[in-house]
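Here is how names work: the chains are called A, B, and so on, in the same order as the sequence lines, proteins then strands, and each is numbered from 1.
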Amino acid sequence: MNLLDSTLWLAVLAGMLRAATPVIYAAVGETINERSGVVNLGIEGLMLIGAYAAVTVQLAFGNSMIAIGCAGLLAALVGFLHATFCVKLRTNQVVTGLVFLFLCQGASALFGARMVGRPVNVDANSPFELLSRVPVVGDILARQDPMVFGAILAALIAGFILFRTRWGVVLRACGEDAESAAAAGVPVHRVRLIAGTVCGFLCGLGGAHLALFYARQWQENMTAGRGWVALVMVIFGKWVPGRVIAGAYLFGGLSALQLNLQASGIALPQYLLGMLPFVVTILLLVVASWWVKTRPDSMPKDLGKAFPRAEDLG
Amino acid sequence: MKRPWVFTCFAVAGSVIAFGGVVRLAGKDPFEVIKTFATSGIKSPFALAETVVKAIPILFCAIAAAIPGRLGLTNIGGEGQLVLGAIGTTWAANMLPPSIPPFLTLVTMALVAAACGATWGLIPGMLRALIRSNEIVITLLMNYVAGLLLLHLIHGPWKDPGSLGWPQSAPLPDHARMLGIGGTRIHGLLVVGLLACAALAFAARATVAGMASRIIRANPATARYVGLPVGWYYVVAFALGGVAAALAGLGEVAAIQGRLRDGISLGYGYAGFFVAWLCRNRFGWLPLGAFFFALIITGADSLQISAGLPFATVYLLQGLGFLAVLAAESFTRNAKSQSTVQGGGQ
């Protein structure tokens with residue numbers, strides 16, 4: 001096995017696109033949520049719910065479109081519940097997110113127990129035959145599933161809505177200064193509830209991709225930290241959906257590299273290699289924290305704060 | 001929040017009902033499951049002793065979360081810090097020659113474990129103090145790194161050749177084992193944990209550091225303005241938290257498992273975080289909260305065996321319980337309580 005062998009790097013590239021996709025969906029969803037002023041630390045759980053729903057429906061009906069849709073809807077429902085607690089009941093957002101994470105972990109493990117080990121067969125061929133004509137990487141692109149491209153599309157659409165439309169201005173206003181937004185007539189609570197629901201939907205899609213096109217089965221706790229990686233990518237991307245993609249592909253590339261090196265038969269300590277994506281993600285967060293510290297404007301100012309604030313109620 | 005136990009009662013009632021419903025949905029008999037769950041931890045003196053055994057690591061992990069919690073920080077890295085403590089314990093136990101007196105052996109193991117845990121805690125503490133990194137995300141990601149380090153050791157360099165391929169370390173030498181009290185598996189760290197809670201409760205109430213922590217928690221900017229070394233408090237709190245969680249790892253390796261293996265922690269780190277939150281980071285309440293959570297974990301353990309439910313079912317019950325607490329708290333909140341999250345999203 002030669003490290004300069006192009007087949008290795010093409011395999012890494014293909015793996016990168018696949019591994020990064022769930023992270024992109026979740027990170028774009030979380031970006032929308034945080035832009036509205038609510039932080040959801042439970043997106044790992046939302047992804048698990050999506051993965052669970054996707055596998056259940058896929059095994060029952062054998063239609064991946066329905067499976068993906070159901071995954072999104074179920075996770076959207078959980079996202080809405082999370083938003084209801086944070087926005088309407090004004091609960092501590094850190095604890096609420098973690099509680100939802102454990103709730104989703106437990107529920108998906110309990111209901112998913114009977115599906116463990118059942119393989120999921122999804123036709124993963126891209127409808128984009130034309131892509132195979134692209135030189136060098138064409139074959140790889142043509143073999144990706146549609147959701148890989150859907151993730152990029154979702155990020156672009158989210159970026160367009162956030163920064164080029166009236167809806168986006170309203171949503172960002174809620175995250176920057178909820179009080180002023182409310183004074184200007186924005187229904188802050190409703191906007192945040194919608195953002196939380198959309199976040200849930202996108203995390204569900206990420207989970208569905210992970211289960212149907214990546215792991216191709218249900219496993220308890222199969223997200224294995226990807227939700228937390230997505231949270232880091234939101235900060236690394238400075239709360240801009242398009243930039244979030246870059247960090248996600250870096251994570252995906254490292255995951256794929258690690259898997260391919262293992263498969264190539266080079267004697268490497270697999271668990272130490274497995275740390276690589278997490279260690280690099282922590283380093284990305286360190287870099288991002290530095291940016292945020294030097295340029296605090298990039299972070300939504302009212303992020304994590306309930307509205308109305310406690311002082312205002314007293 | 002004057003009376004956390006009121007909310008605990010809400011949590012128990014609300015979550016048990018909801019949990020029963022979910023269990024019914026999963027096709028099991030809810031009454032049988034809840035009965036097993038509720039009684040398995042206390043049905044005999046032996047079961048009670050085993051519950052106390054599980055409460056010990058939870059207590060230490062709760063301390064690990066509560067010390068930074070007093071400063072308004074969140075440490076959900078108890079799981080990883082526990083694993084590092086377990087690794088340090090195993091390393092020290094196999095390094096020390098049997099000629100050293102048993103007491104010194106134990107102290108050395110504890111010191112090595114504490115050093116490992118403190119290092120693991122220092123990283124998020126220092127990053128928080130220096131560049132305001134989100135300590136929640138870092139501690140959580142570091143849990144995954146610690147877990148992989150553990151797997152690397154027990155599958156690789158530390159694997160016991162006599163374990164028939166089972167991934168675990170060789171058993172600790174006899175002189176490095178901690179013995180249980182009175183024929184049970186309850187070990188001396190229970191006393192250490194209770195004393196630590198008492199000392200910390202005193203420190204929080206009656207020392208300058210305790211007062212300073214309250215100021216930092218209420219408003220870090222004010223604390224800096226009056227000249228408190230906020231960054232140092234963050235770093236020291238996280239290091240102390242790491243030490244506490246590492247002692248949980250010491251107990252699990254030296255007293256309970258007798259070797260390093262996967263599943264050294266049954267989610268004690270996360271349980272400890274929730275105990276600390278439920279007790280509002282008040283050290284005097286932590287032992288009670290830890291015992292309560294040990295009951296839940298014992299129940300989940302027996303469910304796994306008797307009803308064939310996955311262990312993670314316990315997370316569902318915990319989650320439902322905390323939703324009930326969150327809702328109850330929200331409805332009874334007095335207007336001055338904290339509703340903002342320090343450093344929540346950045």
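Contact annotation for B:L140: only side-chain heavy atoms (C-beta onward) come within less than 4.5 Å of a heavy atom of chain A. The parts of A:A107 that come within reach of chain B are both its backbone and its side chain, each placing non-hydrogen atoms under 4.5 angstrom from that chain. Heavy-atom distances place the side chain of A:E44, and not its backbone, under 4.5 Å from chain B. Heavy atoms closer than 4.5 Å to chain B are found nowhere in A:T294, neither backbone nor side chain. Looking at B:L127, only its side chain comes within 4.5 Å of chain A, counting heavy atoms on both sides. Contacts between A:L98 and chain B at a heavy-atom distance below 4.5 Å involve backbone atoms as well as side-chain atoms.
The candidate with the highest count of non-hydrogen atom pairs below 4.5 Å against chain B, out of A:L231, A:N221, A:V232, A:V286, is A:V286. Chain B forms more heavy-atom pairs under 4.5 Å with one residue of A:L101, A:L110, A:V38 than with any other, namely A:L110. Listed options A:G225, A:S298, A:C104 were ranked by heavy-atom pairs under 4.5 angstrom with chain B; first place goes to A:G225. The greatest number of non-hydrogen atom pairs below 4.5 Å with chain B, out of A:G37, A:A224, A:G274, A:A113, is found for A:A224. For the set A:E220, A:K88, A:Q270, the count of heavy-atom pairs under 4.5 angstrom toward chain B peaks at A:E220.
The structure places CG of A:L41 at 8.5 Å from OG1 of B:T74, a figure rounded to the nearest 0.5 Å. To the nearest 0.5 Å, the span separating CG on A:L272 from CG on B:L153 amounts to 8.0 Å. Taking CG of B:L316 as the reference point, atom CG of A:L103 lies at 5.5 Å (rounded to 0.5 Å). How far CD1 of B:I123 is from CD1 of A:I282: 7.5 Å, rounded to the nearest 0.5 Å. Rounding to the nearest 0.5 Å gives a distance of 8.5 Å between CG of B:N134 and CH2 of A:W228.
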Residue pair B:L323, A:F85: steps toward the side-chain contact (heavy atoms from CB on, under 4.5 Å) verdict: CA-CA 9 Å; B:L323 277 194; A:F85 269 83; 3.7 Å; yes
Tell me, with the steps shown, if B:L141 and A:V229 meet side-chain contact (heavy atoms from CB on, under 4.5 Å). CA-CA 8 Å; B:L141 286 170; A:V229 171; 4.3 Å; yes
Between A:F102 and B:F322, does the ring-ring contact (aromatic ring centres under 6.0 Å, His included) criterion hold? Intermediate values first, please. CA-CA 10 Å; A:F102 282 93; B:F322 278 103; 8.8 Å; no
Carefully, step by step, assess B:L149 and A:Y271 under the rule side-chain contact (heavy atoms from CB on, under 4.5 Å). CA-CA 7 Å; B:L149 181 62; A:Y271 297 105; over 6 Å; no
Report the C-alpha separation of A:L89 and B:L326 in whole Å, then their side-chain angles, then the decisive distance to 0.1 Å, and conclude whether the side-chain contact (heavy atoms from CB on, under 4.5 Å) test is met. CA-CA 8 Å; A:L89 301 180; B:L326 282 169; over 6 Å; no
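In this structure, A:S289 and B:R132 have side chains that are not in contact, with every pair of non-hydrogen atoms separated by 4.5 Å or more.
Shown here is A:M115, whose CE atom has more than 12 heavy atoms of other residues, nucleotides or ligands within 6.0 Å. Environment of CH2 in A:W291: crowded, with over 12 heavy atoms of neighbouring residues, nucleotides or ligands closer than 6.0 Å.
Evaluation of the side-chain hydrogen bond (donor to acceptor under 3.5 Å, both in side chains) test over residues 273-286 of chain A, restricted to residues two or more places apart or in two chains, returns none.
Between the side chain of A:K293 and the backbone N or O of B:L130 there is at least one donor-acceptor pair closer than 3.5 Å.
With sequence neighbours left out, B:P124 forms a side-chain contact (heavy atoms from CB on, under 4.5 Å) with B:I138, B:T139, B:M142, B:F238.
Between B:Y144 and A:F278, the ring planes are parallel. Angles under 30° get that label, and only those over 60° would be called perpendicular.
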